[in-house]
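Since the structure is predicted, the reported quantities are computational estimates derived from the model, not experimental observations. Atoms within a ligand are numbered from 1 in the order they appear, just like the ligands themselves.
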Amino acid sequence: MIEAWSPEDVYAAEAALESELASGELMARAAEGLADVVAARASQLEVESVVALVGGGNNGADALYAVAHLADAGLRCAAAVVPGRVHEEALAAARAAGVVIVSGAEALEDIAEADIVVDGILGLGGRPGLPEHAVAWVEAIAEDAHVVAVDVPSGQAADGSVFDADGVLADETVTFSVPKPVHLLPPTEQACGALTVVDIGLTFDVEPSVRRLTFDDVADWWPVPGPDDDKYSRGVLGIVAGGENYTGAAVLAVTAAVEAGAGMVRYVGTPTPVGLVRAAVPEAVIGEGRVQAWVVGPGLETSSTRRDARAQLEVARRALAGEEPVLVDAGGLELVDDGVVEARRGRATLLTPHAGELARLLTRLGPTPRARNRPTVERAAVEAEPVRYARLLAERTGMTVLLKGATTVVVSPDSDVSVWSQSDAPSWLATAGAGDVLAGLVGMLLAAGVPAAEAGALGALVHGVAADRTGRGGPVRALRVAHGIPDAVAHLLARR
Ligand SMILES: NC(=O)C1=CN([C@@H]2O[C@H](COP(=O)(O)OP(=O)(O)OC[C@H]3O[C@@H](n4cnc5c(N)ncnc54)[C@H](O)[C@@H]3O)[C@@H](O)[C@H]2O)[C@@H](O)CC1
């Protein structure tokens, strides 16, 4: 598992450790670790000129001490500074080691020619956006330069909340002791590149703010049946999905649940998808019955006036009013209103919208049940600040929210619980029907008794790995991803 702590928690841990260490020791550890990474990169890339972009905080000091080490080791080093706004001791150490200190136009020339740029403008203490003087520095970085960010790519929000397109986009980031939210969350993860964590000895006795499951965690979490299990004890999943127009969603969700290892799947639909499910997934049982969890919504047509569609909707509403865990996806999200919110209080519910669905649902629900003012939430706003909006929906509904995207986040209604962030899927998985497969897969985990947030994170990981392994670097269609789940699970279980 990869865990990230908030900037506030990191500052607290740092203060606690600093009080036990000689002054400057923490920074010395950080600078040494940073210098080791940059030296290794210079040798791999067979280059020798390094420029540090130095800000006025500790992050800039780290960068200065690191280039001092690198100059000692024989690399050609310069440091771009703003005179008067720099850590004086670190500046003296760099100068003494032979680092060329530059500013103004001279700095821009050196930056443009550097093979490796070490970004120490802003770190954990940075507010989003670059300081004015640093805009030209960042613009001057050559296309083919290798950019190493210190702790946080400057301009990006350390808490991972907002992405700055004009900020530093690093090839790699060197961080200290533990990852920070900026490294794991959308939209900022994309600015960090490869992550190296240098241990400087911080310890934490508080919960991380972000968690990510890794491949090695799957064996500990996946519901593997034992000799005493039968199809009922493994978990029966009810799926209410598909309609006369969206027939495929039913086939995809049911296929995924069966392939993922559901003890049994009961499918509730209208005549056409029922016929297709019977043909494609003979293991599925048609009709309502006792289940341990529900998936409500893939391809569900909530405005159809057909009698069979209305009967199907009745089952969906019963599921939402019942005690079993429910995953609510796509058309099912249209059924979520204040009555459903009230009915599901204290019961496991996982909403699985994409950004557009989340925006529509938040707009429809409004900030509170009786709010007169219901501002429109735009899809672009959700895409710009995914965790913030997922949290708003989770808090408004009391439900767990899995927001789908290149990086999928899972947010619990309790703001003290860590956010899950999974980034395991190839971009090829952005294809019609992929969400239906995820719904069936995660639904199976709910039926097997995995808690909602963990089921969402685990399902997102396996979904991504199944896509990767079936596509083998090329395109994937959703049905093949569903059929690829057993191979992905077996591959991940074998890592135990
Ligand atoms: N966290 C840790 O465990 C350790 C952290 N270290 C380093 O210390 C850094 C944190 O140091 P600081 O707290 O000094 O933070 P920064 O180095 O990020 O500097 C913050 C300073 O820049 C100013 N500033 C912030 N955003 C700005 C903006 N957008 N435009 C203009 N000015 C802005 C602030 O007012 C503040 O003075 C970390 O990122 C890391 O590199 C290491 O030295 C040692 C250990």
Side-chain angles (χ1 to χ4, degrees), residues 3-38 52-69 79-82 84-91 93-94 118-138 147-168 170 172-183 188 191-192 195-204 206 208-209:
E3 298 176 316
W5 274 266
S6 70
E8 299 74 39
D9 290 340
V10 172
Y11 277 124
E14 204 185 349
L17 184 58
E18 245 167 3
S19 65
E20 296 168 12
L21 296 175
S23 142
E25 170 64 20
L26 262 191
M27 195 174 276
R29 290 180 188 177
E32 227 169 274
L34 171 62
D36 286 347
V37 173
V38 178
L53 311 183
V54 178
N58 289 338
N59 194 256
D62 291 341
L64 277 171
Y65 282 121
V67 283
H69 286 302
V81 303
V82 177
R85 270 201 279 167
V86 61
H87 189 289
E88 290 301 336
E89 277 173 45
L91 185 67
V118 176
D119 159 36
I121 303 168
L122 293 171
L124 218 48
R127 291 181 300 275
L130 288 173
E132 219 175 287
H133 71 269
V135 173
W137 285 359
V138 172
V147 179
V148 183
V150 186
D151 215 12
V152 176
S154 300
Q156 313 303 340
D159 66 1
S161 56
V162 278
F163 173 71
D164 176 9
D166 298 325
V168 169
E172 63 179 306
T173 297
V174 177
T175 193
F176 308 114
S177 277
V178 290
K180 320 294 176 331
V182 60
H183 306 127
T188 51
C192 298
L195 185 66
T196 303
V197 181
V198 170
D199 186 15
I200 57 167
L202 299 187
T203 53
F204 294 84
V206 291
S209 63

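Using a 4.5 Å heavy-atom cutoff, the side chains of K180 and W5 are not in contact. The shortest distance between side-chain heavy atoms of L34 and V150 falls below 4.5 Å.
When the shell of 6.0 Å around CD of E25 is examined, it contains more than 12 heavy atoms from other residues, nucleotides or ligands.
Using a 30° and 60° split on the angle between ring planes, H87 and Y65 fall in the perpendicular class, above 60°.
D164 places no side-chain N or O within donor-acceptor distance of the main-chain N or O of P128, the cut-off being under 3.5 Å. Without hydrogens or angle criteria, T173 side chain to C192 main chain gives a donor-acceptor distance under 3.5 Å.
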Please tabulate, line by line, the atom pairs linking an N/O of ligand 1 to a protein N/O at a distance below 3.5 Å, with the distance in Å to 0.1, or answer 'none'.
residue, atom, partner, partner atom, Å
ligand 1, 1 (N), E14, OE1, 3.4
ligand 1, 6 (N), D62, OD2, 3.4
ligand 1, 13 (O), Y11, OH, 2.6
ligand 1, 14 (O), N58, N, 2.8
ligand 1, 15 (O), G125, N, 3.3
ligand 1, 17 (O), N58, N, 3.4
ligand 1, 17 (O), N59, N, 3.0
ligand 1, 18 (O), G123, N, 2.6
ligand 1, 18 (O), G125, N, 3.1
ligand 1, 18 (O), G126, N, 3.3
ligand 1, 26 (N), R127, N, 2.7
ligand 1, 29 (N), R127, O, 3.1
ligand 1, 29 (N), G129, O, 2.9
ligand 1, 39 (O), N59, ND2, 3.2
ligand 1, 39 (O), L124, N, 2.8
ligand 1, 39 (O), D151, OD2, 2.6
ligand 1, 41 (O), N59, ND2, 2.7
ligand 1, 41 (O), D62, OD2, 2.6
ligand 1, 43 (O), D62, OD1, 2.6
ligand 1, 43 (O), D62, OD2, 3.2

